[in-house]
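Input: a single structure, listed below in structure tokens.
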Amino acid sequence: MFFISPVLIPALFWGVVLYDLFNTEMPPGIEQPLKLRFFHCLMITTMVVVNSKLLIKDLTVDEVPLRIYQPKSPPTGKRRGILYFHGGAGTFGSIRAFERVCRYMAKKCNSVVVSVGYRLAPEHPYPGQYFDCLNATLYFMKNLKEYHVDPGLIIISGDSCGANFATVICQILLNDRDLPKVRAQVLLYPGLQGLDFHLPSYQQNAFVPMLSRKMIIYFCFRYLNKKPTFWKEILQNSHVPDSMRHQYKKWVSADLIPDEFKVRGYVPTKPAPYKPEVHEAIKEILAITFSPLLAEDSIICQLPESFIVTCEFDVLRDDGLLYKRRLEENGVRVTWYHCENGFHGILAFFGYGIFSFISGNKIMDSMVNYINSL
């Protein structure tokens with residue numbers, strides 16, 4: 001339970017009023033728009049609730065904080081092991097912020113959950129976050145006996161940029177035959193490419209909280225520790241060389257998005273001319289590390305089965321849809337859950353009582369059901 005001081009109530013009220021004055025768009029159908037407006041003004045910080053059903057251990061591996069959640073009840077057999085990488089554009093977020101998500105998974109899946117507190121950019125420069133996540137994964141895989149985890153039931157998961165990290169780690173681990181094979185990857189509204197910011201979901205949800213189209217570019221620059229420049233040109237895809245557009249059109253294109261996702265205000269656009277100076281300013285987002293959706297078929301076809309969540313009111317929706325398509329075309333089994341009235345970052349509010357969202361609860365339950373089916 002948490003407490004909001006009466007002194008803060010006027011500030012909260014006027015925050016909501018001022019937010020409305022900025023006239024942020026709320027498309028018809030999005031869940032509980034007033035509640036979403038409130039949270040867009042102020043992220044509530046709460047105390048972690050002690051739970052007697054779990055053993056929780058904090059440790060540091062290669063300077064990376066980990067929090068490990070284990071059921072207290074004695075194991076009747078070996079358990080699943082779940083690695084979780086939190087969202088936050090690689091620049092904010094924490095283990096504590098996703099405490100409720102990880103607790104819920106550990107309890108409902110009777111699993112060991114490792115929440116990874118990778119170090120944040122720009123203080124810890126890109127691509128350090130991937131190395132932190134990889135080192136945490138390697139530590140866990142090499143110590144499965146200590147946690148009574150079945151080496152055949154390792155799941156790598158994350159939300160938003162954390163889902164990007166999970167995707168990349170799964171691709172990297174394909175090169176190490178001495179480690180246990182990952183059983184599944186769980187990707188919650190992932191961001192997977194920096195090639196096309198004109199996909200239908202980027203147009204339709206350009207001004208929707210919690211992540212607008214402009215914020216995507218801002219966070220890219222912040223993550224790379226660069227001064228934001230040419231952001232208008234980047235939104236027009238002027239950072240992409242013509243050869244790269246042609247090369248990856250087979251994997252990243254509005255033409256590949258099912259028609260039912262184009263009915264809500266999508267207008268096809270002509271590509272803007274390529275500008276080398278714009279490319280130079282943000283070329284890192286076109287690398288496979290940043291854009292794992294662009295990995296070759298020879299890599300995609302080896303990936304573990306996948307659970308992918310997309311949200312209708314999310315600029316990153318189509319990244320998930322395109323990755324789902326790529327996996328399926330390469331013979332990888334995909335279980336897909338589309339949240340029809342959800343928005344990006346909805347799980348940040350999971351477990352906060354009246355401040356949580358029904359759609360977030362449904363996402364969590366669908367994920368738990370999937371993990372328990374493995």
Short question: side chain of Thr60, backbone of Glu63 - any donor-acceptor pair under 3.5 Å?
-> no
Say whether, by atom type as modelled, one donor and one acceptor occur between the side chain of Gln203 and the main chain of Val267 under 3.5 angstrom.
-> yes
Asn361 and Tyr104: CA distance, side-chain angles, deciding distance, side-chain hydrogen bond (donor to acceptor under 3.5 Å, both in side chains) verdict | CA-CA 11 Å; Asn361 298 342; Tyr104 192 80; over 6 Å; no
Could you check Phe140 against Ile82 for side-chain contact (heavy atoms from CB on, under 4.5 Å), going step by step and ending with a plain yes or no?
-> CA-CA 10 Å; Phe140 187 52; Ile82 305 171; over 6 Å; no
For Phe261 and His338, run ring-ring contact (aromatic ring centres under 6.0 Å, His included): C-alpha distance rounded to whole Å, both residues' side-chain angles, the deciding distance at 0.1 Å, then the answer.
-> CA-CA 11 Å; Phe261 293 102; His338 182 63; 5.1 Å; yes
Look at the side chain of Arg80 and the backbone N and O of Asp150, then say whether any donor-acceptor pair between them is shorter than 3.5 Å.
-> no
Please work out which of the three classes, parallel, tilted or perpendicular, describes the rings of Phe98 and Tyr84, given edges at 30° and 60°.
-> tilted
Does Ser291 use its side chain to pair, donor to acceptor, with the backbone of Ile288 at less than 3.5 Å?
-> no
Output yes when Glu328 and Arg333 qualify as a salt bridge under the 4.0 Å nitrogen-oxygen rule, no when they do not.
-> no
Exam field: side chain Arg67 to backbone Ile56, donor-acceptor pair closer than 3.5 Å = no
Are Glu146 and Lys57 within salt-bridge range, i.e. N to O under 4.0 Å?
-> yes
SG of Cys133 to CD1 of Ile156: how many Å apart, nearest 0.5 Å?
-> 9.5 Å
Without hydrogens or angle criteria, can the side chains of His344 and Ser160 be said to hold a donor-acceptor pair below 3.5 Å?
-> yes
Minimum heavy-atom distance Ser73-Asn110, with the two atoms named | OG-OD1, 4.4 Å
Check whether more than 12 heavy atoms from other residues, nucleotides or ligands sit under 6.0 Å from atom NZ of Lys262, and answer yes or no.
-> yes
Is the backbone N or O of Asp62 less than 3.5 Å from a side-chain atom of Asn135, with the two atoms forming a donor-acceptor pair by type?
-> no
With under 30° as parallel and over 60° as perpendicular, where do the rings of Trp251 and Tyr248 fit, or are they tilted in between?
-> tilted
Taking Thr167 for its side chain and Pro292 for its backbone only, find out whether a donor-acceptor pair lies under 3.5 Å.
-> no
Flag the pair Arg245 and Asp196 as a salt bridge only when some basic side-chain nitrogen lies within less than 4.0 angstrom of an acidic carboxylate oxygen.
-> no
Is a side-chain N or O of Gln302 found less than 3.5 angstrom from the main chain of Ser298, in a donor-acceptor match?
-> yes
Work out which heavy atom in Val332 is nearest to a heavy atom in Cys301; give both atom names and the distance.
-> CG2-O, 4.1 Å
Under 3.5 Å, is there a donor-acceptor pair between the Arg79 and Gln70 side chains?
-> no
Output field: ring centroids Phe165/Tyr118 closer than 6.0 Å = yes
Report the distance from atom NE2 of His86 to atom CG of Leu188, rounding to the nearest 0.5 Å.
-> 14.0 Å
Could you walk me through whether Leu173 and Val182 pass the side-chain contact (heavy atoms from CB on, under 4.5 Å) check?
-> CA-CA 8 Å; Leu173 291 176; Val182 176; 3.8 Å; yes
Is Tyr266 atom OH crowded by more than 12 heavy atoms from other residues, nucleotides or ligands, each under 6.0 Å away?
-> yes
Could you tell me whether a side-chain N or O of Gln193 sits under 3.5 Å from a main-chain N or O of Leu294, the two making a donor and an acceptor?
-> no
If you round to the nearest 0.5 Å, how far is CD1 of Ile30 from CZ of Phe343?
-> 6.5 Å
Row check, Tyr352 ring normal vs Arg100 NZ/CZ: under 6.0 Å, within 45° = yes
Any donor-acceptor pair under 3.5 Å from Ser111 side chain to Cys109 backbone = yes
Salt bridge between Glu123 and Arg119, side-chain N to carboxylate O under 4.0 Å?
-> no
Would you kindly say whether Asp297 and Asn330 are connected by a side-chain donor-acceptor distance under 3.5 Å?
-> yes
Between atom NZ of Lys324 and atom CG of Leu321, what is the distance when rounded to the nearest 0.5 Å?
-> 7.5 Å
Would you give the length of the straight line joining atom CG of Leu54 to atom CD1 of Ile68, rounded to the nearest 0.5 angstrom?
-> 13.0 Å
Locate the shortest heavy-atom distance separating Pro151 from Pro180; write the atom from each residue and the value.
-> O-CB, 3.4 Å
Within-4.5 Å side-chain heavy-atom neighbours: Asn237 and Pro271 = no
Do the rings of Tyr147 and Tyr139 sit parallel, tilted or perpendicular, given the 30° and 60° boundaries?
-> perpendicular
Just wondering, are more than 12 heavy atoms of other shown residues or ligands nearer than 6.0 Å to NZ in Lys249?
-> no
Got a second to check how far Asp318's CG is from Leu192's CG, nearest 0.5 Å?
-> 11.5 Å
Side-chain donor-acceptor pair present, Tyr274, Glu233, cut-off under 3.5 Å = no
Step by step, would you call Leu55 with Tyr69 a side-chain contact (heavy atoms from CB on, under 4.5 Å)?
-> CA-CA 6 Å; Leu55 290 171; Tyr69 307 82; over 6 Å; no
Phe197 vs Tyr202 aromatic rings, parallel, tilted or perpendicular, using cut-offs 30° and 60°?
-> perpendicular
Decide if the gap between the ring center of Tyr337 and the ring center of Phe307 is smaller than 6.0 angstrom.
-> no
Give me the ring orientation class for Tyr223 and Phe290: parallel if the planes are under 30° apart, tilted from 30 to 60°, perpendicular past 60°.
-> tilted
side-chain contact (heavy atoms from CB on, under 4.5 Å) between Ile154 and Met141, worked out | CA-CA 8 Å; Ile154 297 173; Met141 285 185 161; 4.0 Å; yes
